[in-house]
Amino acid sequence: MGNRTEVKQLFRNYKEWAGEEFQIMGWIRTIRSSSVFGFIELNDGSFFQNVQIVFEEDKIDNFKDIAKLNVGSSVCVIGVLEVTPNAKQPFEIKAKEIEVEGESSPLYPLQKKRHSFEYLRTIAHLRPRTNTFSAVFRVRSVMAHAIHTFFQERGFVYVHTPIITGNDCEGAGEMFRVTTLDPTDPPKDQQGNVDFSKDFFGTMTGLTVSGQLNAEAYCMAFGKVYTFGPTFRAENSHTARHASEFWMVEPEIAFADINDDMALGEDMLKFIIQYVLDHAPEEMEFFNNFIDKGLFERLDNVLESKFDRITYTDAINILQASKKEFENPVFWGCDLQTEHERFLAEEYCKKPVFVINYPKEIKAFYMRLNDDGKTVAAMDLLVPGVGEIIGGSQREERLDILEDTILRLGMDLKEYEWYNDLRRYGSVKHCGFGLGFERALMYMTGMTNIRDVIPYPRTPKSADF
RNA sequence: UCCUCAAUAGCUCAGCAGGUAGAGCAUGCGGCUGUUAACCGCAGGGUCGUAGGUUCGAGUCCUACUUGGGGAGCCA
């Protein structure tokens, strides 16, 4: 590694470095040769683009061996940088020496041609070597950094909420069971039910579906917190927007109401879009050219416009006035269906839109009851193309109302004692939201399937690798 | 969980009205003095997802299952 130069540095400095000698190490993306010279497109992982290596029979002593190499082989090249203003690539490396690190094989599954995303999912361990996936996963990394940067710069404390939890309380979806009991012979209680008091944690536990309740407690200490980690849902959903394991960003802010919540969501989304455009320009250029032709236009539109804000009641009126035929009837009290959300974001607003103040019957127990007694201070951000990307709310800070709601929904007050303590000892109005990290990444890149923005996606009947 | 479409060579696909399989790319060999998904020639490569059924005969028709895509619900 000592003298190795990264391809990214060559691309950044090639004009000043013309005529100099470099050592480059990487993997062959394509290779083509004639009897006395040939070309290698080499990628070393540091940069989206490949560097072209020129090798000639009278310049290197192993020309025949190099010309026979298969795609995927790894090589170490020593050569001189030459600027090529009239060619497709800005510069190339004239090889003086090429050493084979590891040969590939004709069986290498990635060939220099187009593969379907479906096929590439079956070789998830190799797909990061393709253009599209190298762009996706570098942007994923940059976007994760953008999220931390946004919150850290604003004084938020990053809280690691537990992955394994005994709270079955959020009702956000089915949980994966975590247990060390023998599935063929679990201990039973006197009624014949499985006795989880004998289990590892002495109680029924599962993988978290949300860190929100835990984050709220830390919010009552730090004022501004966020979580950013994996989340698990054992739902048998089979769509391009759902995965069993996904990452979620959940900020929580104290002394703040739903308007502050929306402002935070809007600022955050704009910040990460700008950050990724600034820090992964080659990758974003690729997405705009090959994945989604209207990507830049769409993102610019988001950066420049103020997001719309409408109430649920307005939304119902807009949908009813649209005269559009919907498969699901629209009436006050109905949950907004995908077709309704699409109409609002894509046809009516044509940009991201917050919908707030939903009927209390269709929302979660912790959301703050509005003065009308019928709606809660919930907010969903709908974006064109992806749908719901943020779901959040102002939290109920009044103990009596919160307890009434828990009882009304038939939930067990005892399980929420610690949560309700937050309302007993210095309760303040506060709010927060959850951003689906992969959905934001899909919106950012134009990729249309969540399985293609997670390195090793987990979905029903699929946990390979 | 429901609806719908699909599964043929390593990959992408064709195979019309049932008569035992084709192309391009990839691969191997050969050729070519600047390529850009290089090009030209030759060659190898498939028990047509699995199990049944109908038929003289099934890649093709029927049933079930498996896997994958798309949509719905649920949500992020």
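In what follows, chains carry the letters A, B, and so on, assigned in the order in which the sequence lines appear, proteins first and then strands, with residues in each chain numbered from 1.
- Between the side chain of Glu56(A) and the base of U33(B), no donor-acceptor pair of N or O atoms lies under 3.5 Å.
- You'll find a donor-acceptor pair under 3.5 Å spanning the side chain of Glu92(A) and the base of G34(B), going by distance alone.
- Aromatic ring centres of Phe48(A) and Phe286(A): separated by under 6.0 Å.
- Here the separation of U12(B) from G19(B), taken at their C1' atoms, is 28 Å to the nearest Å.
- Taking the centre and axis of the six-membered ring of Phe465(A), the NZ or CZ atom of Arg458(A) falls outside the cone set by 45° and 6.0 Å.
- Backbone-only contact: Ile389(A) has heavy atoms under 4.0 Å from sugar-phosphate atoms and none from a base.
- Checking the phosphate oxygens (OP1, OP2) of G69(B), a side-chain nitrogen or oxygen of Arg121(A) falls inside 4.0 Å.
- Among the protein residues, Ser116(A) comes within range of the sugar-phosphate backbone only, with heavy atoms under 4.0 Å from sugar or phosphate atoms but none that close to a base.
- No donor-acceptor contact under 3.5 Å links the side chain of Arg32(A) to the base of C32(B).
- Projected onto RNA chain B by closest heavy-atom contact, Pro460(A) and Ile390(A) fall at different nucleotides, the more 5' of which corresponds to Pro460(A).
- Place Gly436(A) and Thr459(A) on RNA chain B by their nearest nucleotides, and Thr459(A) ends up nearer the 5' end.
- Within the shown strands, A7(B) is the pairing partner of U66(B) under the Watson-Crick or G-U definition, both distances less than 3.5 Å.
- Between the CD atom of Glu341(A) and the P atom of C74(B) there is a distance of 9 Å, rounded to whole Å.
- Under 3.5 Å, the side chain of Arg233(A) and the base of A76(B) form at least one donor-acceptor pair of N or O atoms.
- Phe246(A) comes within 4.0 angstrom of a base, heavy atoms only.
- Using atom P as the reference point in both G52(B) and A58(B), the two lie 14 Å apart (nearest Å).
- G41(B) is paired with C29(B) under the criterion used here, namely a Watson-Crick or G-U wobble arrangement in which both key atom distances are under 3.5 Å.
- As the counterpart of A72(B), U1(B) is assigned, both hydrogen-bonding distances of the Watson-Crick or G-U wobble pattern falling under 3.5 Å.
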